[in-house]
Amino acid sequence: MKKLLIVLWTLLISFSTQAQVTHDAEYYILKMQNGDRWEQEDAEIQQRLQQLRQKYGQPPNIVFLLWDDTAFGAVGFPALQKNFGYSTPNINKMAAEGINFTRMYTEPSCTPTRAAALTGRHPVRHGMGEVGMPHEFSGLRAGEVTIAEVLSKAGYATGFFGKGHLGDIEESYLHNQGFDEALFTPMNQITSLYNPQANAANAVLGMFPEIYPPDPYQLDSPGLIPAGWVMNIEGRKGQEGREWCGTSNECFAKFDPEAERRTLAFIRRNAEEKRPFFVAYWPNFLNFMARYNPKPSVAGLMVADAFPAVDQFVGSLMEEMKSLGIAENTVFVALADNGPMVHSPPAGWGMLPMLYRGGKGDFTEGGVRVPAFAWWPGMIKPAQTVGDIIHITDLYTTFANLAGAERFIPTDRVVDGLNQTALFLNGDTHSRRDYVFIYSGKELGATVKGRYKRHWLGAGDVAASGMPEAYYDLYMDPREEHPQLVPLIHTQGQFNHMVARHQLFKRKYPDVPSGKGIPYTGLANARPETKAIAERVNAVIEAMPFTVKEYLQYQIPGADKVGDWGH
């Protein structure tokens with residue numbers, strides 16, 4: 001152990017003196033054993049990318065689709081869909097014509113996954129590990145370096161259209177996080193219920209006091225009601241944002257079609273200008289008040305009925321890129337952000353755990369193992385089913401590598417994402433990763449190493465020997481229902497060392513909090529009720545013996561457990 005620590009600290013010292021991307025400790029264990037082979041692979045890959053660049057006169061475009069709450073196997077597998085009463089022919093075609101990743105890991109819920117995708121870092125590192133709700137008074141901090149910022153420095157046009165869910169403060173707005181243009185939601189799909197109609201149906205309670213008789217006992221107004229919340233924001237880099245449409249369910253329903261329209265317009269415009277582009281389309285996907293009549297699927301369940309819109313757009317994207325003549329110079333990646341909401345889901349939604357146990361919020365495979373596909377005609381061989389481990393953060397570093405922009409990745413922090421270009425272009429068995437750390441909020445929930453997994457939270461009763469029933473063989477027990485104590489106890493020390501190395505790196509590069517501030521500032525057309533948020537905050541401060549900074553940055557004990565689906 002002493003020798004291992006000496007080697008580790010030597011690595012840390014060397015990293016601090018060299019301008020190179022710093023990854024988590026486990027990567028360097030793998031690099032020691034595979035580095036020579038990787039260097040040879042990388043040289044061959046760079047030759048292929050250079051040939052492509054010479055052909056098109058620019059680096060490849062990148063299209064990134066991310067949607068919500070879907071179990072692995074729910075899309076991309078026509079045979080499974082026959083058993084569930086719906087079909088996604090275009091997504092299935094995308095999988096058949098490219099790579100179907102069978103071990104894509106995300107974070108357990110939507111805000112953490114989206115933050116991980118944009119920063120290439122586990123969200124625990126920058127305070128984005130919990131799901132945000134109104135009024136959050138926080139969000140993705142300005143000090144993070146997003147993939148949009150990295151690619152912008154390499155000359156890419158960058159656009160974001162869809163669900164952000166990365167906070168409600170000005171520094172977290174997507175046009176302030178590197179995107180040239182953006183239309184986004186500060187929160188999630190629950191805002192589709194934030195209207196008088198949903199309150200009248202008791203889908204939300206007490207949010208619209210105007211539909212009730214006057215309450216003679218109410219002293220505080222607006223009290224617990226998040227008055228002035230904003231559903232949608234649009235903006236351009238370097239400019240103030242603007243509220244878009246309003247806060248009605250009608251505005252919610254208009255959002256995805258508008259985001260699709262802007263995504264296609266962004267692609268066409270930059271293709272015509274021959275400028276490389278990165279565009280993220282992350283649809284809201286689910287409207288809690290949607291009424292499908294007639295039903296678009298035989299299943300007639302909410303998720304199944306929502307898929308046709310996303311599936312149709314996937315088909316439109318592929319056809320548009322072909323018609324523009326850019327398909328062979330565009331990598332298209334699509335995946336879900338986490339598993340299905342199997343815990344207390346709304347009735348009739350059809351959120352099924354399928355192969356893996358658990359779902360949204362869990363560190364079991366059902367929560368973090370999602371459907372994922374990559375399509376790139378001429379560069380990615382078709383009909384590939386890949387069994388390698390890949391993590392959502394890897395897209396950050398892979399996109400940067402494809403763009404020739406790795407030099408713009410920050411070197412003063414741990415970047416968890418690994419360059420998986422070899423996996424994309426060479427296929428099965430070419431991953432640079434055989435491990436995953438899965439966090440539940442701020443706590444490490446589980447660790448995966450190859451086919452084996454150890455739960456750190458919620459393990460079985462610990463005997464006097466100190467050996468918990470927490471070890472799983474994912475090939476033999478993919479649902480993590482039968483821990484293997486005796487057969488896998490030999491892995492205990494090795495799992496402990498993995499976490500020791502991981503935590504030593506966290507000591508060297510400490511976690512930082514999310515950004516804090518007053519919600520919804522920096523909006524040129526802010527409504528009076530939106531502007532009133534800051535007025536109420538300042539009034540509270542004047543009546544209290546603390547400062548605005550103390551008020552906004554105070555960490556409420558236990559509050560992180562409420563927004564952390566894993567608890």
Would [X] and [Y] pass as an ion pair if we require N to O under 4.0 Å?
X: Asp42; Y: Arg432; answer: yes
X: Glu365; Y: Lys453; answer: yes
X: Arg433; Y: Glu26; answer: no
X: Arg114; Y: Glu107; answer: no
X: Arg125; Y: Asp416; answer: yes
X: Asp68; Y: Lys163; answer: yes
X: Glu41; Y: Arg37; answer: yes

Heavy-atom side-chain contact between Val314 and Leu65 under 4.5 Å
yes
Any side-chain heavy atom of Cys110 within less than 4.5 Å of one from Lys360?
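Side-chain contact under 4.5 Å: yes.
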For Gly162, is there any backbone N or O sitting under 3.5 Å from a side-chain donor or acceptor partner on Asp256?
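No; zero donor-acceptor contacts below 3.5 Å.
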Could you tell me whether the side chains of [X] and [Y] share a donor-acceptor contact shorter than 3.5 Å?
X: Asp394; Y: Thr398; result: no
X: Arg454; Y: Tyr452; result: no
X: Asp337; Y: Thr106; result: no

What distance separates [X] [atom1] from [Y] [atom2], expressed to the nearest 0.5 Å?
X: Asn34; Y: Tyr27; atom1: CG; atom2: OH; value: 10.0 Å
X: Ile99; Y: Leu425; atom1: CD1; atom2: CG; value: 8.0 Å
X: Leu151; Y: Thr146; atom1: CG; atom2: OG1; value: 8.5 Å

Looking at Trp282, Tyr281, Tyr396, Phe332, which hits ring-ring contact (aromatic ring centres under 6.0 Å, His included) with Phe64?
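Going through Trp282, Tyr281, Tyr396, Phe332 one by one, the ring-ring contact (aromatic ring centres under 6.0 Å, His included) with Phe64 is satisfied by Trp282 alone.
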Quick check on Lys381: does its NZ atom have over 12 non-hydrogen neighbours (other residues, nucleotides or ligands) under 6.0 Å away?
no
Would Trp349 and Phe288 satisfy ring-ring contact (aromatic ring centres under 6.0 Å, His included), going step by step from the backbone distance to the final call?
CA-CA 10 Å; Trp349 279 52; Phe288 284 28; 4.9 Å; yes
